Amino acid sequence: MKEITTTYDQKKEPDIYKIWEMSGYFNPDNLSGKPFAIMMPPPNATGTLHIGHAFESSIQDIMIRYHRMKGEKALWLPGTDHAAIATNTKVEKILTKEEGKNRHDIGREAFIAKVEEFVAASRGTIQNQLRKVGASADWSREAFTFDETRNLAVRTAFKRMFDAGLIYRGIRVINWDPKGQTAVSDDEVVYKQELGQLFYFKYSKDFPITIATTRPETKLGDTAVAVHPKDKRYKAYVGQEFDLEFAGAKLHLKIVADETVDPDFGTGAVGVTPAHSIADYEIAQRHNLPAIQIINEYAKMTQQAGSLAVGKKTKEAREIVVSWLNEQSLLEKTEKIDMNISTAERSGGIIEPLPKLQWFVDVKKKVKSQKSKVKSLKELMHDAVASGKIKILPERFEKIYFHWIDNLRDWNISRQLWYGHRIPVWYKGDQIYCDVESPKDSGWEQDEDTLDTWFSSALWTFSTLGWPKETSDLKAFHPTDVMAPGYEILFFWVARMILMSTFLLEEIPFKTVYLHGIVRDIQGRKFSKSLDNGIDPVEVIDKYGADALRMALVVGVGPGNDSKYDEMKVKGYRNFANKIWNASRFVIQSSYDADEQAKLNEADKKTLSEFEEFARNVTKKMEKFDFAHAAEDLYHYFWHTFADKIIEESKAKLAEPKLRTSAQRLLNEILNDSLVMLHPFMPFVTEAVWQLEHKDLLMVRKWPIKTARKNPTKKSL
RNA sequence: GGGCGGUUAGCUCAGUGGUAGAGCAUUUCUUUGACGUAGAAAGGGUCAGAGGUUCGAAUCCUCUACCGCCCACCA
């Protein structure tokens, strides 16, 4: 009798992974069939993987393994993201901590070298973590958003958009992060609710209108007061202009009427600060008002802010203005108010809107494509989903996507960071030059800014395939089949991939977006450094095995739904892995004299056809992206039908010579196909069992149920 | 201010018109030769609340409450 250990030992997982990797089947070049591609959302190259990444990788690995077993040329392309802001910030923090310096102390070149060193180490960690999870990714194609191929893609994309007039440079009031010393896009601003104070005051004794503000210091830069056109209280004043002295500054204020003013908030009159509020800037443009910059990049008051506040931090300036108002008896009252303060997503710094010269992607301008369609980027993004060419799952996110597009403004793509793709634009005198390569003749200075990291990740579905070169990979695998990121980056990333792909390739980037939710701790809180509630997936895997973790993360979790990480659940699936091992052990040990050609008796035929029915149902769920239920069904069938009933009943049959051969065949058929179907979810234990009796690899065995082919043709716009 | 999701057994969650489900936990029993990381069995829910549609509602409609999320130029 074959010696098989009585418990499954998950310590063998790394050996199994090596066998897979050596086989070459992670690389679709060694597979045949219809291409099927998933691009891995690239984790930030600075970090290590957390439990959420393990979840995301599990979902993708399930799909990839399923399609590989269906006989498709499955490509799962892994990679990492240079994550400009996050990395820049992190490395600068380390630099300050270890050497007491900031990036300017060591210079651009030395700083970049530090970053690259840090990123290289981190990338290695991430790769190994993904291997531990069982990710059957094609490492030979691994990409990095900041490597040479991707760099060329970025410059090419910029150049083409620049030439099409979709990228422009201009002074706009943008979101400035004084802490990170860079501009950030609208989507990188997060609002935090805080209790603030609303100050009601008049600019001067002679000024007829009381206004309300939460930021008195910004009033030093006011150039107008706006009221609603239908507001009877103020109608008489519209058009009047006032010169006055306000807290050490000279103001020239015009009363204007603007639809956007809410007559019911505060006094119904707004002090307009064009240089330090995006909303006010828009009002100012409509009424031809000047903008006076009174706050600088370090959140300190400028010369223009007047004699009292100049050089002070905004907070101090506020106190100065408030006490001046008090002295002058201009402050009428204050009110406590819930307000949203905007902060930078990455650095946490408080956003200070400032007028700045920046690069933008124009999302409204209509351009003619090669296929002669005249559409704006907004329309391209909208139509790709509205036409049904791209399906977003769960469907409710499509509505959210459309709503985001409706409100979309031009995308600020320039960052004042050092780590990132340099903008491929050069200046000489008042000449400007944009190209993929730097100009040949001397005297040109390259633009100092770098690009928003999302600009490069937006190219991910095709930059990974070698674009702008016309590679065979690009031809075979683009548009990709599935993209499986978390719903929190629908706007940051998914929408922008659609933008880039539809414009640059005139093709959708992927057919299906499968959005997953956030894995939270057992109390339902997000994992965060500040709470120190993080869980290292590698520790969990070492304790219970990757299969157990994968199942625990996938079962019971619907698309787009958040879930709670529970170690008890992992333990339960560790037990299941052991169940698979032992049920297999029993079948193997009972099959030493089995005959593959043995005839099934009627009772066993019926059992087998019930299994086939079950297998068809599981397949249906796989096709519908319903992995949670497919996994649960497999678990339930294997344990409570196959192990508890079919195996138990077989014990008596095996002892009966007339029934023995049929029973043996039944057990082997169901076991083998069960292993195949469990494999995408629990690749290690199933392969370990398979290797006991077979020479080939389970990972490339054929899925037992055939499915109708979908998407036979390449989808394009 | 808009929009979305959730509220089902102690816990985590399935279940979209036809007699309430799973896993874990709990209780009892089983030292059976695949597995005690096991097996057999049991207890446990007026499906958030109210109203409506229906022969019939956890499931459809309306409203309410609470929890959570997203969006928005309340200065």
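Naming: A, B, ... by sequence-line order, numbering from 1 per chain. Note that this is a predicted model, so its numbers are computed, not measured.
- For Thr6(A), whose side chain is taken as the heavy atoms from C-beta onward, the closest listed nucleotide among C73(B), C35(B), C70(B) is C35(B).
- Across the C1' atoms, U8(B) and A48(B) are found 10 Å apart, a figure rounded to whole Å.
- Side-chain atoms of Asp644(A) lie closest to G39(B) of the nucleotides C74(B), C35(B), G39(B).
- Taking the C1' atoms as reference points, A14(B) lies 15 Å from U7(B), given to the whole Å.
- A donor-acceptor contact under 3.5 Å is formed by the side chain of Lys651(A) with the base of A34(B).
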- Query: If the sugar-phosphate is the primed atoms plus P, OP1 and OP2 and the base is the rest, what is the B/S/- string for nucleotides 5-12 of chain B, using protein heavy atoms under 4.0 Å?
  - Reply: S------S
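- Residues Phe242(A) and Tyr203(A) place their aromatic rings such that the two centres sit no closer than 6.0 Å.
- Taking 4.0 angstrom as the limit, Asn575(A) places a side-chain polar atom (N or O) nearer than this to OP1 or OP2 of A38(B).
- Between Asp633(A) atom CG and A14(B) atom C1' there is a gap of 10 Å when expressed in whole angstrom units.
- When heavy atoms are screened at a 4.0 angstrom cut-off, His276(A) is found touching no nucleic acid atom at all.
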- Query: Reading nucleotides 24-30 of chain B from the 5' end, what letters show protein touch, with B for base, S for backbone sugar-phosphate only, - for no heavy atom under 4.0 Å?
  - Reply: -------
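- Here Ala643(A) lies in heavy-atom contact (under 4.0 Å) with a base.
- C4(B) atom C1' lies 13 Å from atom CG of Leu490(A), rounded to whole Å.
- Aromatic ring pairs are classed by plane angle as parallel below 30°, tilted from 30° to 60° and perpendicular above 60°; the pair Tyr637(A) and Phe614(A) is parallel.
- Between U16(B) and U59(B), the distance separating the two C1' atoms is 5 Å to the nearest Å.
- Whole-Å rounding puts the Phe642(A) CZ to A34(B) P distance at 13 Å.
- Under the ring-ring contact (aromatic ring centres under 6.0 Å, His included) criterion, Phe265(A) pairs with no residue, sequence neighbours left out.
- Rounded to an integer number of Å, the gap from CD1 of Ile405(A) to C1' of C71(B) is 14 Å.
- Residue Ala279(A) places its side chain closer to C73(B) than to any other of A34(B), C71(B), C73(B).
- For the pair Ala583(A) and Ile337(A), both in contact range of RNA chain B, the more 5′-proximal nearest nucleotide belongs to Ala583(A).
- A distance of about 12 Å separates the P atoms of C60(B) and G5(B), rounded to the whole Å.
- Between Gln193(A) atom CD and C69(B) atom P there is a gap of 12 Å when expressed in whole angstrom units.
- Look at the P atom in both C4(B) and G21(B): the space between them is 33 Å, to the nearest Å.
- Between Asp547(A) and Phe576(A) there is no side-chain heavy-atom pair separated by less than 4.5 Å.
- A salt bridge between Lys254(A) and Asp222(A) is absent, with no side-chain N of the basic residue lying under 4.0 Å from a carboxylate O of the acidic one.
- Taking every side-chain heavy atom of Thr260(A) into account, C73(B) is the closest of A75(B), A34(B), C73(B).
- The separation of C24(B) from G6(B), taken at their P atoms, amounts to 26 Å, rounded to a whole angstrom.
- Protein atom CG of Leu553(A) is 13 Å distant from nucleotide atom P of C13(B), rounded to whole Å.
- Within 4.0 Å of Glu648(A), counting heavy atoms only, lies at least one base atom of the nucleic acid.
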- Query: If pairs are Watson-Crick or G-U with both distances under 3.5 Å, what is the dot-bracket string of RNA chain B, marking crossing pairs with [ ] and pairs to another strand with |?
  - Reply: ((((((((.[[[[.)..(..]]]].(((((.......))))).....[[[[[..)....]]]]])))))))....
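- Classification of Lys391(A) and Glu395(A) as a salt-bridged pair holds, one side-chain N sitting under 4.0 Å from a carboxylate O.
- Aromatic ring orientation, Trp404(A) versus Phe491(A): parallel (interplanar angle below 30°, classes split at 30° and 60°).
- In this structure, Arg286(A) is not positioned above the aromatic face of Tyr281(A) in the sense of NZ or CZ being under 6.0 Å from the six-membered ring centre and within 45° of the axis.
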Pairs of donor and acceptor atoms involving the side chains of residues 331-341 of chain A, under 3.5 Å and at least two apart or interchain, shall be tabulated with distances.
from	atom 1	to	atom 2	distance (Å)
Glu332(A)	OE1	Thr210(A)	OG1	3.2
Glu332(A)	OE2	Thr210(A)	OG1	3.0
Glu335(A)	OE1	Tyr200(A)	OH	3.2

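- At a threshold of 4.0 Å, the pair Arg409(A)-Glu282(A) counts as salt-bridged, since one of the basic side-chain nitrogens sits closer than that to a carboxylate oxygen.
- Listed nucleotides: A34(B), A75(B), C70(B). Nearest to the side chain of Asn582(A): A34(B).
- Taking atom P on both nucleotides, A9(B) is separated from U46(B) by 9 Å, rounded to a whole Å.
- The C1' atoms of G43(B) and G3(B) are separated by 44 Å, rounded to the nearest whole Å.
- Stacking of Lys651(A) on the aromatic ring of Phe586(A) is recorded, both the 6.0 Å distance cut-off and the 45° axial limit being met.
- Taking atom CG of Leu408(A) as the reference point, atom P of C73(B) lies 12 Å away to the nearest angstrom.
- Counting only heavy atoms from C-beta on, Arg585(A) has its side chain closest to A34(B) among G23(B), C70(B), A34(B).
- Every residue meeting the side chain to side chain donor-acceptor pair (under 3.5 Å) condition with Thr619(A), not counting sequence neighbours, appears here in chain and number order: Trp703(A).
- Taking both residues in full, the closest heavy atoms of Arg574(A) and Tyr544(A) are given as CG-O, 3.4 Å, listed atom of the first, atom of the second, then distance.
- Nucleic acid contact for Ile283(A): none, since no nucleic acid atom lies under 4.0 Å from a heavy atom of the residue.
- Ranking C71(B), A34(B), A22(B) by closeness to the His636(A) side chain, first place goes to A22(B).
- The side chain of Phe265(A) lies closest to C74(B) when the candidates are G3(B), C74(B), A34(B).
- Of the candidate nucleotides A75(B), C70(B), G39(B), G39(B) has the atom nearest to the side chain of Lys579(A).
- One interatomic measurement links the two molecules: NE2 of His640(A) to P of A14(B), which rounds to 19 Å at whole-angstrom precision.
- One finds no salt bridge joining Asp410(A) and Arg172(A) here, because no Lys/Arg side-chain nitrogen approaches an Asp/Glu carboxylate oxygen to under 4.0 Å.
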